[in-house]
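What follows is one structure encoded as structure tokens, with my remarks underneath.
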There are 4 protein chains.
Amino acid sequence: MTSSKPSPGGARPMRADARRNRERILAAAEAVFAEKGPSASTEEVAARAGVAIGTVFKHFPTKQELLQAIMKDLLGRLDRDMAALAADDAPGEALFTFVARMVEQAAQKRTVVGLLAETGIDLQVASSVQMLHEGIATLLVRSQEAGTVREGVRPDEVIALLTGICQGALHAGWDRDLQRRTLAIVFDGLRASADRR
Amino acid sequence: MTSSKPSPGGARPMRADARRNRERILAAAEAVFAEKGPSASTEEVAARAGVAIGTVFKHFPTKQELLQAIMKDLLGRLDRDMAALAADDAPGEALFTFVARMVEQAAQKRTVVGLLAETGIDLQVASSVQMLHEGIATLLVRSQEAGTVREGVRPDEVIALLTGICQGALHAGWDRDLQRRTLAIVFDGLRASADRR
Amino acid sequence: MTSSKPSPGGARPMRADARRNRERILAAAEAVFAEKGPSASTEEVAARAGVAIGTVFKHFPTKQELLQAIMKDLLGRLDRDMAALAADDAPGEALFTFVARMVEQAAQKRTVVGLLAETGIDLQVASSVQMLHEGIATLLVRSQEAGTVREGVRPDEVIALLTGICQGALHAGWDRDLQRRTLAIVFDGLRASADRR
Amino acid sequence: MTSSKPSPGGARPMRADARRNRERILAAAEAVFAEKGPSASTEEVAARAGVAIGTVFKHFPTKQELLQAIMKDLLGRLDRDMAALAADDAPGEALFTFVARMVEQAAQKRTVVGLLAETGIDLQVASSVQMLHEGIATLLVRSQEAGTVREGVRPDEVIALLTGICQGALHAGWDRDLQRRTLAIVFDGLRASADRR
DNA sequence: CATGAATGAGTCTTCATTCAT
DNA sequence: GATGAATGAAGACTCATTCAT
């Protein structure tokens with residue numbers, strides 16, 4: 001659930017308890033922001049993590065930076081997910097599987113989704129987004145080679161659809177059935193087809 | 001840009017200056033919240049509208065109510081859009097036109113989009129959302145009768161896609177071209193096709 | 001319920017509808033402040049009186065003045081009460097009757113009571129208070145002449161006891177029985193008695 | 001002037017500086033509310049205490065809670081007063097001494113008095129009021145045993161008289177002499193007497 | 001390093017009062 | 001005279017951030 005980003009940049013290696021705290025905070029923050037959106041208070045994050053507020057600010061000098069760290073963490077996990085899928089799943093289905101899985105988890109990931117929409121993409125996480133982009137690109141190419149996605153579709157379209165549908169998934173009245181039907185439409189749109197407009 | 005909802009319910013007609021102010025506030029609020037999201041301050045709305053803070057609260061006793069009023073206003077305009085399209089456009093294309101138009105305006109409408117995701121749909125605007133639902137349903141049926149949308153697609157899927165894509169349209173790095181390509185995929189998914197999964 | 005203070009000082013006689021409004025406002029104010037204490041809003045008074053807020057301020061340019069007017073009104077009525085009692089009741093009992101009656105009504109008169117404690121006695125109502133003082137003095141003297149109140153008791157002590165007990169009567173947990181028993185003690189204290197300390 | 005209620009309930013002991021501030025705030029609040037009544041601003045309390053506004057709200061998350069804390073504090077001190085009197089004073093006089101002392105201090109205690117009348121007794125302070133009740137009951141019984149208060153008088157009557165007279169003591173024009181004379185009447189009422197009504 | 005108390009700018013909201021209609 | 005919309009100062013409360021312990 002938590003990243004293992006040990007010591008950043010050229011700093012000295014973090015003390016063990018410090019690293020543990022960092023990860024507890026990150027996990028708590030993800031949970032809290034997931035539940036209450038990014039306007040939840042830092043104090044609540046500290047409480048959930050079982051540390052004092054000062055400790056949170058020691059690790060993440062700004063709320064912004066905490067939010068960015070969550071994003072990075074999340075995107076990193078997505079990247080590993082994708083890599084695993086690329087290795088294990090049928091090449092033609094991996095992209096679909098990945099998208100479906102992300103949408104499914106969207107409700108618990110209000111954070112990523114919300115963050116993207118709320119604060120925009122800061123430069124700090126640009127590299128992580130880049131990672132996502134590349135992962136998607138890989139899955140996409142394989143799908144196209146396998147003939148399950150039509151030629152001409154590009155990664156940014158897939159990302160656009162992905163984030164959009166995830167946003168949608170946060171809404172009230174969005175149940176499993178609606179999710180399945182909506183994805184079906186999008187997947188149909190992605191599939192190779194003779195009668196493209 | 002602003003509605004003309006004059007005097008609600010069974011009250012006497014609003015004084016001219018009051019109605020003018022109400023609309024200036026609504027317009028200002030829409031603009032401000034569009035730029036900065038729903039957490040922008042009411043004070044800024046007042047400033048942009050050129051009125052004192054008290055005036056905003058006289059018209060909308062709560063920030064929530066102001067946000068809801070924007071929603072209602074916006075949804076009302078959408079409804080009129082849809083009605084016009086249903087009357088004027090080719091039956092098979094009206095739905096596509098409507099969706100495309102909404103997405104196109106999404107950037108200016110960060111509010112609606114954001115609101116739906118942020119605060120959820122309160123009962124106050126439920127009727128307006130209902131309106132949207134019905135409008136979409138009408139357009140959808142016509143498209144299906146015209147054969148441009150496959151049978152089996154239901155209004156809630158269309159709404160889900162619509163809100164999702166609108167959300168997506170708010171992101172940085174989303175340009176006209178990406179918009180066009182993304183919509184093309186979704187529209188392909190909606191079109192009648194022989195090789196339905 | 002309302003006073004008939006027609007036109008103040010040397011001003012021209014008030015128009016009939018104006019005087020009617022003045023009294024409706026006074027009555028409404030008394031009711032509202034009685035219910036919610038003197039911090040109730042002037043707007044609510046206007047609403048209860050069925051007039052616009054501007055009208056209230058036309059008659060009473062300041063909330064303070066409105067409160068003072070209520071006081072005067074109330075004290076005037078008390079004065080008439082006392083005069084009637086002085087004329088009708090048994091001389092030895094009139095004072096007791098009056099005090100008991102006031103305490104009984106205290107709950108509905110949170111205003112007077114509250115006002116005295118809250119804002120202190122402004123000079124504006126001093127003359128009215130003087131009236132009360134005189135009325136009490138009259139009743140007191142008669143009681144003493146009738147032998148039901150010991151010599152040496154002075155009007156200001158009676159007023160002090162009166163206001164104090166009225167305050168007490170506003171408290172939660174103060175019922176008719178407690179009221180009776182408390183008054184009995186005070187009345188015993190007032191009665192002539194051989195064994196004064 | 002201030003209590004020493006250190007750390008409430010089962011929490012860890014408060015840091016020294018925090019407790020010091022808590023007490024400065026409590027003392028400041030008591031003074032401010034005593035002067036201006038319970039509608040005085042929290043900001044002024046903060047200023048008088050020499051802390052920032054946030055600190056006040058950190059210790060007392062609500063103005064209500066601050067007021068209640070003052071009440072508790074005050075009632076606690078009264079309770080200790082009573083206990084001391086019960087131990088030291090002549091049994092027959094302790095009650096009279098206590099009441100007289102309270103009334104004497106009433107001006108500085110506008111808070112207690114005002115609070116009881118203004119906001120009513122919330123459950124939070126109910127236990128403290130209960131304490132007061134019990135203390136009074138003790139003093140009362142001893143007085144009755146000593147024969148200085150007639151049988152049949154009950155604690156709630158004494159409390160009613162006490163609060164009432166305290167209220168009265170807040171008024172303008174209430175001087176030491178009036179106080180003495182008024183109390184004399186009430187004490188006479190409480191004393192055992194042959195000619196009970 | 002961790003703690004958590006203190007800070008204070010910023011937010012929402014209320015209300016007495018003014019004044020154009 | 002009456003109306004009620006507008007004003008804006010003031011109040012309660014929040015929260016990111018700092019810093020003494």
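Proteins come first, then strands; the chains are lettered A, B, ... in the order of their sequence lines, and each starts at number 1.
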### Query
Are any of the side-chain heavy atoms of Leu67(B) and Met71(B) separated by less than 4.5 Å?
no

### Query
Does His59(B) make a side-chain N or O approach to OP1 or OP2 of dA6(F) shorter than 4.0 Å?
yes

### Query
If each of Ser41(C) and Lys63(B) is mapped to the nucleotide of DNA chain E with the nearest heavy atom, which maps nearer the 5' terminus, i.e. the 5' end?
Lys63(B)

### Query
CG of Leu66(D) versus P of dC13(F): gap in Å, rounded?
10 Å

### Message
Can you give me the closest heavy-atom contact between Val45(A) and Ala28(A), atom names plus distance?
### Response
O-CB, 3.7 Å

### Query
Quick one: does Lys63(B)'s side chain have a donor or acceptor within less than 3.5 Å of a partner on Ser41(B)'s backbone?
no

### Query
Any side-chain heavy-atom pair from Lys72(C) and Gln68(C) closer than 4.5 angstrom?
no

### Task
Quickly work out the Ile25(C) CD1 to dA2(F) C1' distance and round it to whole Å.
10 Å

### Query
Hey, is the side chain of Asn21(B) poking within less than 4.0 Å of OP1 or OP2 on dA5(F), counting only N and O atoms?
no

### Task
Rounded to the nearest angstrom, tell me the gap between atom CG in Leu67(D) and atom P in dA12(F).
10 Å

Produce the list of close N/O pairs, under 3.5 Å, pairing protein atoms with atoms of nucleotides 18-21 of chain E; give distances to one decimal.
none

### Task
Can you figure out which of dG4(E), dA5(F), dG1(F) approaches the side chain of Lys58(D) most closely?
dG4(E)

### Message
Without decimals, in angstroms, what is the distance between Arg22(C) CZ and dA2(F) P?
### Response
12 Å

### Distance in Å, His59(B) NE2 paired with Asn21(B) CG, rounded so as to fall on 0.5 Å steps
5.0 Å

### Query
At under 4.0 Å, does any side-chain N or O of Thr55(D) touch on OP1 or OP2 of dT7(E)?
yes

### Query
For DNA chain F, what dot-bracket results from Watson-Crick or G-U pairs at under 3.5 Å, with [ ] for crossers and | for inter-strand partners?
.||||||||||||||||||||

### Task
Could you identify which residues of residues 42-50 of chain D place a heavy atom less than 4.0 Å from some atom of DNA chain F, listed by residue number, or say none?
Thr42(D)

### Summary
The side-chain contact (heavy atoms from CB on, under 4.5 Å) partners of Ala47(A) (sequence neighbours excluded) come to none

### Main-chain N/O of Glu65(A) paired to Thr62(A) side chain as donor or acceptor, under 3.5 Å
no

### Task
Any chance you could measure Glu30(A), atom CD, to Ile70(A), atom CD1, to the nearest 0.5 Å?
6.5 Å

### Task
Would you mind telling me which residue lines up with the more 5' stretch of DNA chain F, Val51(B) or Ala52(C), judged by nearest nucleotide?
Ala52(C)

### Query
Of all residues at least two apart in sequence or in a different chain, which pass the salt bridge (Lys or Arg N to Asp or Glu O under 4.0 Å) check with Arg15(D)?
Asp17(D)

#### Entry: Contacts of Phe60(C) that satisfy side-chain contact (heavy atoms from CB on, under 4.5 Å) - sequence neighbours left out
Arg22(C), Ile25(C), Leu26(C), Leu66(C), Ala69(C)

#### Entry: Nearest heavy atoms of Ser39(A) and Lys36(A), plus distance in Å
OG-O, 4.1 Å

### Message
Filter on salt bridge (Lys or Arg N to Asp or Glu O under 4.0 Å), then keep only pairs touching residues 48-58 of chain B, sequence neighbours left out; what's left?
### Response
Glu35(B)-Arg48(B)

### Query
Tell me: CZ of Phe60(B) to C1' of dC12(E), nearest whole Å?
16 Å

### Query
Given atom CZ of Arg19(A) and atom C1' of dA2(E), what is their separation to the nearest angstrom?
17 Å

